Amino acid sequence: MSDISKDLLKQLNPEQAKAVAIIDGPVLVFAGAGTGKTRVITFRIANMILHGIKPQNIAGMTFTNKAAQEMRERLDKLVERGDSRKVFLGTFHSFCCRVLRKDIKALGFGTNFTIADDSDQAGVMKQAIVEAGFDKTEIGPEVCISFISRAKGKMMTPQDVSRAAESEIEIKVGQVYERYMQILYNQNMLDFDDLLLLTVRLWQDHPDILERYNEQYTHLLVDEYQDTNFLQFQLIKLLAGKNRNICAVGDDDQSIYGWRGADMKNILDFASHFPKSKEIKLEQNYRCTNNILKAANCVISRNAERCAKELWSKCGQGEKIKIIRAESDEEEARYVAEAIFDTIAGDPGTQYSDFAVLYRSNHQSRLFENSLRDAQIPYRLVGSKSFYERREIRDAIAYLKLAVNPKDDQSFLRILSVPPRGIGDKAIDSLKKLQHITFTPYAELIGHDEFLKDLTGKAGSGARNMYATLKKWREQFSEPGNLSDKTMAYLKDLNFIEGILKLYKDREEAERRRDNIYELVNAIASYERGASSPPMLLEFLETYALYDDSDKVDEDEEKKKNSVTLMTVHAAKGLEFSYVFIPGMEHNIFPHERAMQEGTCEEERRLFYVALTRARKNVHLVHTRSRMRYGKTTIQRPSEFIHDIPEDISESLQSAAAFKPLDEEELKDAWAALYSIGEKK
DNA sequence: GCCGCAGGATTTTTT
DNA sequence: ATCCTGCGGC
Ligand SMILES: Nc1ncnc2c1ncn2[C@@H]1O[C@H](COP(=O)(O)OP(=O)(O)OP(=O)(O)O)[C@@H](O)[C@H]1O
């Protein structure tokens with residue numbers, strides 16, 4: 001064993017070292033939160049490279065880009081930068097996208113496929129429902145999207161779904177599924193699940209191609225293995241190939257993606273899936289204080305379906321878990337901002353990046369954005385695509401997509417009247433009819449005489465103009481590079497930016513939206529700067545589809561680094577922070593009411609376990625007495641999860657901003673008094 | 001065909 | 001509270 005290798009192993013405990021030292025054959029690291037599973041993966045990659053495995057032969061799979069990025073940063077500290085870059089580290093989806101760009105031809109698709117984002121998917125699904133002959137009151141697009149996604153996760157074709165259908169609705173979904181696939185295919189689009197599904201199909205149907213990948217990726221590592229679904233398992237099994245050099249790490253207690261088809265059996269049955277595998281358990285937690293660990297353990301041990309684990313930590317007792325009751329949701333947000341401010345004031349060693357606010361659902365972020373902004377605390381909103389979900393941004397992106405993929409009818413319909421071109425419902429109907437006969441994409445049809453001959457002067461010139469402009473820019477964009485300049489010119493040429501200023505009557509709003517477009521152009525520019533060679537527009541759009549806006553290459557990296565993090569608990573998996581705030585600790589919010597209806601309380605509990613174990617030093621649980629929901633004030637009651645935390649390791653604090661709240665009895669009296677005043681008058 | 005307004009739904013969680 | 005849809009007047 002080389003000295004460097006010994007050095008590596010010295011930074012690990014004996015069990016971790018054991019997992020790292022094994023290079024060949026299947027290994028499962030099955031261990032609780034903060035025990036260093038991810039550390040094992042990165043050290044293991046470093047150790048492999050030291051032992052002569054070529055970095056380009058190693059693939060590390062994660063579920064989120066953040067996790068991949070984090071892993072890359074850790075790996076950079078262990079091996080030469082040049083070597084680190086050659087290791088594949090990314091999500092399953094980005095891995096599969098790479099594979100398909102190269103080899104999808106074998107399945108009869110074009111290599112220039114585009115990836116359907118959420119809004120494309122919703123649009124195609126709506127269309128599929130109509131074309132399958134149903135009404136949207138009969139069967140909603142959301143239901144179809146989630147059902148079909150799960151079906152794909154089980155590798156079921158539309159025919160399989162129809163055959164297995166046990167209810168009226170499932171029969172319908174089967175038919176919608178069939179149409180849905182057809183529409184995507186016609187538009188040369190793949191949805192997220194297709195990326196995985198088609199990769200598996202490609203490898204199953206073309207052993208020669210699989211062999212090539214088996215040769216390229218000889219060593220495979222998978223993080224968060226408990227969150228894999230059947231499809232991902234198939235992918236892993238195929239990629240691991242005959243030599244089965246696979247290392248999976250995971251924790252059944254952190255399985256939080258059951259709702260999208262993740263199957264804990266994959267991790268529980270690892271030994272039978274990969275015979276003669278080695279299993280390694282880790283018990284020392286290096287992250288949390290014992291109070292946090294104990295709280296987390298009390299919470300998770302209430303779940304019936306789990307493998308019990310003994311976790312211990314040398315991080316000391318630590319502070320008690322803080323439980324705060326706030327009067328309202330606004331006060332909750334104010335409290336968090338104040339607590340962050342006070343903590344930093346009291347301890348100059350802390351910085352903003354030591355703090356995270358972890359909530360159950362995305363919409364909760366809004367109040368914290370406001371309160372942090374008011375308190376002048378820099379924050380970073382992670383895991384949302386909020387920037388890319390703005391209307392004007394989506395419109396601009398639709399134009400870009402159309403320049404890459406003229407078959408993209410969804411994007412075409414989106415921007416047909418942005419800006420207005422005199423083409424309305426009647427003309428769209430005639431487009432649809434023509435498409436039925438000619439099977440030609442809309443963007444093509446608007447240049448054809450069959451369509452143009454029935455149009456009024458204004459609509460006709462609008463259509464001709466649009467056709468010519470799209471055609472011109474499609475050619476421009478078929479060359480790589482200069483993306484931001486070309487985008488700007490393209491959008492100007494379309495009168496798109498001018499259109500925004502006209503569309504929004506409110507001057508300020510119009511200018512804000514225009515500035516958003518400039519920001520998009522900037523994002524494209526910084527993407528280009530980060531690319532090793534002049535990129536194609538297609539590549540930028542792929543990044544847009546597969547990553548979220550926190551992955552945007554950042555100009556002011558430093559400022560971003562020193563910010564409070566706002567994100568969902570799901571997005572926080574695998575990360576750690578010294579101070580963690582968990583707001584909305586209320587019945588119906590966390591656990592979420594929908595989860596309770598669906599009977600997935602154990603998963604909610606695991607989610608809370610994940611949230612707690614993100615903290616190194618300190619956890620604040622905040623619940624409110626009342627909260628605005630759907631524009632109405634509702635009375636909230638504390639989450640049952642709070643009661644699972646023993647009193648000797650928790651303390652209740654009153655929000656400083658709160659005056660003494662009334663209890664229910666006093667409240668009733670107060671109302672009665674008010675009413676009687678009204679009556680006397 | 002465009003634009004403005006009223007009424008309705010909307011909040012899990014992600015690639 | 002806010003975003004989207006559908007209807008009706010211009
Ligand atoms: N042997 C070790 N020596 C020092 N620090 C360690 C050791 N093992 C892990 N750590 C530290 O403990 C923390 C948690 O490690 P890591 O993120 O790898 O755990 P994990 O098991 O992946 O956690 P989770 O499942 O909760 O995401 C990290 O800060 C890591 O650097």
Side-chain angles (χ1 to χ4, degrees), chain A residues 61-68 90-97 115-119 121-122 126 136 140 142 145-146 149 152-153 190-197 224 227-229 231-232 255-262 329-330 358-367 370 382-385 389-391 416-428 455-456 458-459 462 499 502-505 542-548 551 567-573 584 588-598 600 603-604 606-608 610-611 627-634:
Chain A
M61 306 285 193
T62 62
F63 278 82
T64 64
N65 296 300
K66 264 172 299 308
T91 61
F92 281 99
H93 292 85
S94 61
F95 180 85
C96 291
C97 194
I115 299 165
D117 61 32
D118 293 346
S119 76
Q121 206 183 6
K126 280 180 197 157
K136 61 173 177 292
E142 304 82 16
I145 287 172
S146 85
S149 172
K152 287 184 179 178
L190 304 183
D191 69 16
F192 288 124
D193 300 307
D194 289 337
L195 294 173
L196 308 192
L197 187 59
E224 311 284 8
D227 286 323
T228 49
N229 63 19
L231 181 52
Q232 284 154 339
S255 161
I256 53 175
Y257 285 100
W259 53 273
R260 67 169 193 199
D329 47 3
E330 280 188 353
L358 308 181
Y359 36 80
R360 176 65 241 259
S361 29
N362 280 308
H363 73 273
Q364 289 174 270
S365 70
R366 192 175 209 107
L367 287 159
N370 292 339
V382 183
S384 85
K385 295 195 172 187
E389 260 158 22
R390 293 173 203 199
R391 162 175 290 230
L416 180 58
S417 295
V418 193
R421 296 190 165 86
I423 303 171
D425 292 346
K426 230 182 90 203
I428 293 174
L455 295 184
T456 61
K458 193 176 164 219
K502 275 202 198 120
L503 181 62
Y504 297 99
K505 281 180 61 185
E542 187 170 302
T543 315
Y544 153 80
L546 255 24
Y547 297 78
D548 59 52
D551 302 317
M567 64 183 156
T568 63
V569 182
H570 281 89
K573 198 171 60 165
N588 282 354
I589 291 190
F590 202 177
H592 196 276
E593 56 184 336
R594 278 274 264 284
M596 291 188 290
Q597 284 158 20
E598 286 165 16
T600 53
E603 186 158 306
E604 291 291 294
R606 289 194 292 269
L607 192 57
F608 184 47
V610 169
R627 176 180 295 278
M628 291 292 265
R629 295 182 88 185
Y630 304 105
K632 282 217 161 60
T633 304
T634 56

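In what follows, every chain begins at residue 1, and chains take the letters A, B, ... in the order their sequences are listed. What you see is a predicted model; the values in this text were computed from it and never measured.
As judged by a 4.0 angstrom heavy-atom cut-off over every strand, A:Phe63 is placed among residues touching the sugar-phosphate backbone only. Contact annotation for A:Ile423: backbone-only contact, meaning every heavy-atom pair under 4.0 Å involves sugar-phosphate atoms and none involves a base. Contacts of A:Gly631 with the nucleic acid, taken as non-hydrogen atoms under 4.0 Å apart, include base atoms. Residue A:Lys426 is classed as a sugar-phosphate contact, given heavy-atom separations below 4.0 Å to backbone atoms only.
Between the CG atom of A:Leu607 and the P atom of B:dT13 there is a distance of 11 Å, rounded to whole Å. We find that CD of A:Gln121 is positioned 14 Å from P of B:dT15, with the value rounded to whole Å. The distance from atom CE of A:Met567 to atom P of B:dT14 is 11 Å, rounded to the nearest whole Å. The CZ-C1' distance, from A:Arg391 to C:dC3, rounds to 9 Å in whole Å. Regarding A:Arg629, its CZ atom lies at a distance of 14 Å from the P atom of B:dT10, rounded to whole Å. In this structure, A:Arg606 atom CZ and B:dT13 atom C1' are separated by 13 Å, rounded to whole Å. Across the protein-nucleic acid pair, A:Glu598 atom CD and B:dT11 atom P stand 14 Å apart, rounded to whole Å. Regarding A:Glu593, its CD atom lies at a distance of 9 Å from the C1' atom of B:dT11, rounded to whole Å.
Comparing B:dT13, B:dT15, B:dT11 by their nearest atom to the side chain of A:Ser361 picks out B:dT13. Side-chain atoms of A:Asp425 lie closest to B:dG1 of the nucleotides B:dT13, B:dT15, B:dG1. For A:Trp259, taking side-chain heavy atoms from C-beta onward, the closest of the listed nucleotides B:dT14, B:dT15, B:dC2 is B:dT14. Closest to the side chain of A:Thr64, from the set C:dT5, B:dT13, B:dT15, is B:dT15. For A:Pro420, taking side-chain heavy atoms from C-beta onward, the closest of the listed nucleotides B:dC3, B:dT15, C:dA1 is B:dC3. Set against C:dT5, B:dT11, C:dC4, the side chain of A:His363 has B:dT11 as its closest nucleotide. When each of B:dT11, B:dG1, B:dT15 is scored by its nearest atom to the side-chain atoms of A:Arg260, the top-ranked nucleotide is B:dT15. Which of B:dT15, B:dT10, B:dT13 sits closest to the side chain of A:Tyr630 comes down to B:dT10. Among B:dT14, B:dT15, B:dT13, the nucleotide with an atom closest to any side-chain atom of A:Tyr257 is B:dT14.
Side-chain contact check for A:Asp117 and A:Tyr544: at least one donor-acceptor pair (N or O, by modelled atom type) lies under 3.5 Å.
If you find the closest nucleotide of DNA chain B to A:Ala571 and to A:Lys458, the one lying nearer the 5' end belongs to A:Lys458. Comparing A:Ala459 and A:Ala595, the nucleotide of DNA chain B nearest to each residue sits closer to the 5' end for A:Ala459.
Taking 4.0 angstrom as the limit, A:Asn588 places none of its side-chain polar atoms (N or O) nearer than this to OP1 or OP2 of B:dT11. At the phosphate of B:dT15, neither OP1 nor OP2 sits under 4.0 Å from any side-chain N or O atom of A:Asn65. Taking 4.0 angstrom as the limit, A:Thr568 places a side-chain polar atom (N or O) nearer than this to OP1 or OP2 of B:dT14.
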query = Could you walk me through whether A:Arg260 and A:Ser149 pass the side chain to side chain contact (heavy atoms under 4.5 Å, CB included) check?
reply = CA-CA 8 Å; A:Arg260 67 169 193 199; A:Ser149 172; 5.6 Å; no
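In this structure, the separation between CG on A:Asn588 and CE on A:Met596 is 4.5 Å, given to the nearest 0.5 Å. Remark: A:Arg360 CZ to A:His570 NE2 distance equals 5.5 Å, nearest 0.5 Å.
When all heavy atoms of A:Tyr504 and A:Arg391 are compared, the closest pair comes out as OH-CD, 3.4 Å.
Taking the six-membered ring where the residue is Trp, A:Phe63 and A:Tyr257 present parallel rings, their angle staying beneath 30° rather than reaching 60°.
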